[in-house]
Amino acid sequence: MTKPKAKKKSKSEESKSDDLKGKGTGKGNTTAIATTTTITTTTSAKSSSEKDKATAPTANDSTGLPPIDYIGYESEHQLQGMISLIENDLSEPYSIYTYRYFLHQWPKLSFLAMDREKDKCVGVIVCRLDIHGSARSNRGYIAMLAVSKEYRKRRIGSTLVLMAIEAMKQAGADEIVLETEYTNQSAIALYQQMGFIKDKRLYRYYLNGVDAFRLKLFCKPEIGPIS
């Protein structure tokens with residue numbers, strides 16, 4: 001399974017959320033099933049009788065930009081839009097089997113951001129959650145995250161991350177991990193604001209030889225880091 005390169009750093013505080021846009025699967029990480037969530041001002045789980053769709057407020061809504069709807073993954077009719085977005089955003093695209101590996105086993109851990117007017121996928125996150133290590137902890141993993149370039153600076157990436165975190169917590173995640181390029185300080189700072197900590201430096205992790213940091217979010221206080 002290939003690992004995508006992290007995206008280039010943003011140059012202003014406003015664009016920090018843009019760094020949450022291109023992630024890939026790593027070695028030895030894990031996956032999960034979760035209930036679909038939706039965003040208002042914070043994430044919350046919807047009842048099974050409701051449609052997995054919501055409009056999240058963004059800072060740019062008042063400027064007349066098209067509203068964004070956030071929906072859960074439903075079926076392969078959404079797959080081509082997801083692949084097109086991720087392949088355009090990442091320099092090391094995945095095979096169709098990689099997508100199906102995640103989406104068929106953990107469909108409730110993937111979310112799409114849709115341009116309501118164009119009915120177009122403009123953001124996507126793909127995750128998993130499964131048993132990890134000798135401690136048998138439920139580890140969630142953010143495998144793929146991409147946002148269309150023309151839709152950045154609207155907190156779409158961070159909204160998708162928050163939805164995925166809530167979904168994995170609802171599914172019983174003990175911890176959630178991801179990787180990002182070690183020089184991408186904007187992305188690292190934004191993840192740290194969400195509660196992630198640096199867990200490990202992975203040397204020459206990406207195909208271009210760049211190191212990565214593995215970041216970890218502890219979902220339950222009793223299994224947090226030892227001080």
Side-chain angles (χ1 to χ4, degrees), residues 1-4 20-26 29-40 43-56 58 66-90 92-131 138-152 154-173 176 178:
M1 192 180 301
T2 61
K3 300 179 290 299
L20 295 174
K21 60 189 181 248
K23 305 203 63 56
T25 55
N29 292 307
T30 44
T31 339
I33 299 175
T35 56
T36 303
T37 59
T38 180
I39 298 289
T40 51
T43 53
S44 59
K46 298 183 75 175
S47 66
S48 59
S49 62
E50 293 183 274
K51 188 177 182 180
D52 297 334
K53 185 174 183 179
T55 301
T58 67
I68 302 300
D69 292 326
Y70 294 86
I71 63 176
Y73 174 79
E74 297 171 352
S75 68
E76 283 211 1
H77 82 272
Q78 299 164 305
L79 185 54
Q80 188 54 55
M82 298 169 68
I83 292 175
S84 296
L85 176 60
I86 292 172
E87 287 188 348
N88 184 63
D89 197 61
L90 304 180
E92 301 166 13
Y94 303 104
S95 73
I96 186 68
Y97 304 105
T98 301
Y99 291 98
R100 286 173 173 163
Y101 165 76
F102 286 98
L103 297 173
H104 287 188
Q105 296 189 72
W106 303 280
K108 297 298 184 183
L109 290 180
S110 295
F111 300 93
L112 293 78
M114 304 291 297
D115 181 318
R116 184 189 300 171
E117 296 177 357
K118 297 180 180 180
D119 193 29
K120 172 186 176 183
C121 179
V122 298
V124 63
I125 190 167
V126 177
C127 307
R128 74 185 188 197
L129 177 94
D130 58 13
I131 301 300
N138 288 322
R139 171 179 279 192
Y141 179 57
I142 297 176
M144 306 178 200
L145 176 62
V147 176
S148 182
K149 289 182 180 179
E150 60 267 33
Y151 289 83
R152 292 172 187 170
R154 297 186 63 181
R155 299 193 60 81
I156 292 174
S158 55
T159 296
L160 289 168
V161 170
L162 290 171
M163 292 178 73
I165 289 173
E166 181 64 20
M168 287 185 274
K169 285 182 176 180
Q170 290 291 326
I176 298 169
L178 59 90

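Side-chain contact between Leu85 and Ser148: present, with at least one pair of heavy atoms (C-beta onward) separated by less than 4.5 Å. Within the 4.5 Å cutoff, no side-chain heavy atoms of Val124 are placed close to those of Phe111. Side-chain contact check for His104 versus Glu76: some heavy-atom pair is nearer than 4.5 Å. Ile83 places none of its side-chain heavy atoms less than 4.5 Å from the side chain of Tyr94. Taking 4.5 Å as the limit, some side-chain heavy atom of Tyr151 sits within range of a side-chain heavy atom of Asp115. Side-chain contact between Ile125 and Leu112 is absent, with no heavy-atom pair separated by less than 4.5 Å. Counting heavy atoms from C-beta outward, Arg154 and Val147 have side chains that stay 4.5 Å or more apart. The shortest side-chain heavy-atom distance between Ile68 and Met114 does not fall under the 4.5 Å cut-off.
Taking the charged nitrogens against the carboxylate oxygens, Asp69 and Arg116 do have a contact shorter than 4.0 Å, which makes a salt bridge. A salt bridge does not link Lys118 with Glu150: every distance from a Lys NZ or Arg NE/NH1/NH2 to an Asp or Glu carboxylate oxygen is 4.0 Å or more.
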Full working for side-chain contact (heavy atoms from CB on, under 4.5 Å) between Leu103 and Gln78 | CA-CA 11 Å; Leu103 297 173; Gln78 299 164 305; over 6 Å; no

Check the pair Trp106, Tyr73 against ring-ring contact (aromatic ring centres under 6.0 Å, His included), reporting the backbone distance first and the verdict last.
-> CA-CA 10 Å; Trp106 303 280; Tyr73 174 79; over 10 Å; no

Check the pair Asn138, Met168 against side-chain contact (heavy atoms from CB on, under 4.5 Å), reporting the backbone distance first and the verdict last.
-> CA-CA 9 Å; Asn138 288 322; Met168 287 185 274; over 6 Å; no

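With rounding to the nearest 0.5 angstrom, the CD1 atom of Ile165 is 9.0 Å from the SG atom of Cys127. From Met163, atom CE reaches atom OG of Ser158 across 12.0 Å, with rounding to the nearest 0.5 Å. Distance CD1/Ile96 to OH/Tyr99: 8.0 Å, rounded to 0.5 Å.
Counting only distance, with no hydrogens or angles, the side chain of Gln105 and the backbone of Phe102 share no donor-acceptor pair below 3.5 Å. Put simply, the side chain of Thr159 gets close to the backbone of Arg155: a donor and an acceptor are under 3.5 Å apart.
Annotation for Ala146 and Ile86: closest pair CB-CG1, 4.1 Å, computed over non-hydrogen atoms.
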